[in-house]
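By convention in this document, chain letters (A, B, ...) are assigned in the order of the sequence lines, proteins followed by strands, and residues within each chain are numbered from 1.
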There are 2 protein chains.
Amino acid sequence: MKPTDAELEILHVLWTNGPSTVRQVHDALSQNRDLGYTTALKLMQIMVEKGLLTRQEDARSHTYTAAVSEEATQQGLVDRFVETAFRGSASKLVMQVLGNHKASREELDEIKLLLDNLNRHDTPA
Amino acid sequence: MKPTDAELEILHVLWTNGPSTVRQVHDALSQNRDLGYTTALKLMQIMVEKGLLTRQEDARSHTYTAAVSEEATQQGLVDRFVETAFRGSASKLVMQVLGNHKASREELDEIKLLLDNLNRHDTPA
DNA sequence: TGTTTACTACGAAATTATTCGTAGATTAAT
DNA sequence: ATTAATCTACGAATAATTTCGTAGTAAACA
């Protein structure tokens, strides 16, 4: 399932803060942008229908939980993104990220470290 | 300017094949999926309005040219994608790509080579 | 108890993206 | 010179996403 941008925002809140009510999610999102309470509610209801969230109806204010993992979701998004934006070339994507000044020095170092480890554990071709 | 998916498809054709008519773009896209001729035409007209393409009206069938470079466009897409899908963490994105079985063995090797070169030319921290 | 407050449900407007049909014009073919 | 083929222009249907208003209901409170 491919979450939309608005749905992703909500998933991020739930991934970060754990199971939350609509009120809590709305409060979190409101710090970054204008968003009506019922808009958040409606989105989360739709996400339950889509299977992206589950809902506990115990109390009056329902509690929502992410039904998809952050890793699996991001994997799906990356797959799609590599396909549409880079015609399937993952290496081109990585190159673009590395050439990106928006990737901070720290991020670049982290990536290099990551690749070093990958090389170390890999049997050379 | 942020091209949509359909617009990206058209840009890819123009980046690959160079300046083309609607007919040529439509033929190229038709190999992959069903698409009406006037749909391609309409999209390309809109793209001219948006400044994504330029148009030479010399002949009866106009010739369209990409007005944005592949690199700059992909950079913008990556920036946006890192932001929305990875909350700004480029290294998480790269990690996800590397853990991706859809990134072929050849692609991974290519990426490693790339990073090796990056490390070689960089002054260590 | 009656009023305010907080919540869900849901219809539907507004926006954006994609799609194509039809009309009109120009060129090519018979 | 008609007819057929090919092109642009453009309105508009369709679909997907995002947004919010209104209604109804339950709880908290004065």
Report the distance from atom [atom1] of [X] to atom [atom2] of [N], rounded to the nearest whole Å.
X: A:H26; N: D:dT19; atom1: NE2; atom2: P; value: 11 Å
X: A:D27; N: C:dC7; atom1: CG; atom2: C1'; value: 14 Å
X: B:D58; N: C:dT27; atom1: CG; atom2: C1'; value: 17 Å
X: B:L43; N: C:dA17; atom1: CG; atom2: P; value: 11 Å
X: A:E7; N: D:dA16; atom1: CD; atom2: P; value: 13 Å
X: A:D5; N: C:dA17; atom1: CG; atom2: P; value: 11 Å
X: B:L35; N: C:dT18; atom1: CG; atom2: P; value: 11 Å
X: A:M44; N: D:dT17; atom1: CE; atom2: P; value: 18 Å

Query raised in the report: Tell me, which of residues 12-19 of chain A have any heavy atom that sits under 4.0 Å from an atom in DNA chain D?
Result: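 The stretch gives none, as no residue of it lies under 4.0 Å from the strand.
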Requested in this report: Please identify each residue that fulfils side chain to side chain contact (heavy atoms under 4.5 Å, CB included) with B:T84, with sequence neighbours left out.
Outcome: B:R80
Report task. Any chance you could list the contact pattern along nucleotides 5-15 of chain D? Use B for base contacts, S for sugar-phosphate-only contacts and - for none, protein heavy atoms under 4.0 Å, 5' to 3'. Result -> -BBBBBBB---
Query raised in the report: Just checking, any donor-acceptor pair under 3.5 angstrom between side chains of B:Q75 and B:D79?
Result: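 Looking only at side-chain atoms, B:D79 and B:Q75 do form a donor-acceptor pair, the distance falling under 3.5 Å.
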Query raised in the report: Are B:T39 and C:dC20 close enough that a side-chain N or O sits under 4.0 Å from OP1 or OP2?
Result: yes
Report task. Quick one: list whatever passes ring pair (Phe, Tyr, Trp, His ring centres under 6.0 Å) with B:F86, sequence neighbours left out. Result ->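 B:F81.
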Report task. Please collect all ring-ring contact (aromatic ring centres under 6.0 Å, His included) contacts where either partner lies in residues 35-67 of chain B, sequence neighbours excluded, each pair once. Result ->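 Sorted pair list: B:H26-B:Y37.
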Query - Any residue meeting salt bridge (charged side-chain N to carboxylate O under 4.0 Å, His left out) with B:E70, in chain and number order, not counting sequence neighbours - result: A:K92
Query raised in the report: Which residues satisfy the salt bridge (charged side-chain N to carboxylate O under 4.0 Å, His left out) test with B:E57, sequence neighbours excluded?
Result: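 Once residues adjacent in sequence are excluded, the partners of B:E57 under the salt bridge (charged side-chain N to carboxylate O under 4.0 Å, His left out) criterion are B:R55.
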Report task. Check whether B:V48 and B:L11 end up in the same hydrophobic cluster, where Ile, Leu, Val, Met, Phe, Trp and Tyr are linked by side-chain heavy atoms less than 4.5 Å apart. Result ->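 Yes; tracing contacts between hydrophobic side chains, which count when under 4.5 Å, links both residues.
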Query raised in the report: Considering residues at least two apart in sequence or located in another chain, which fulfil the side chain to side chain donor-acceptor pair (under 3.5 Å) criterion with B:K2?
Result: none
Report task. Enumerate the residue pairs fulfilling salt bridge (charged side-chain N to carboxylate O under 4.0 Å, His left out) with a member in residues 32-47 of chain B, sequence neighbours excluded, ordered by first and then second residue. Result ->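 Listed by first then second residue: B:E9-B:R33.
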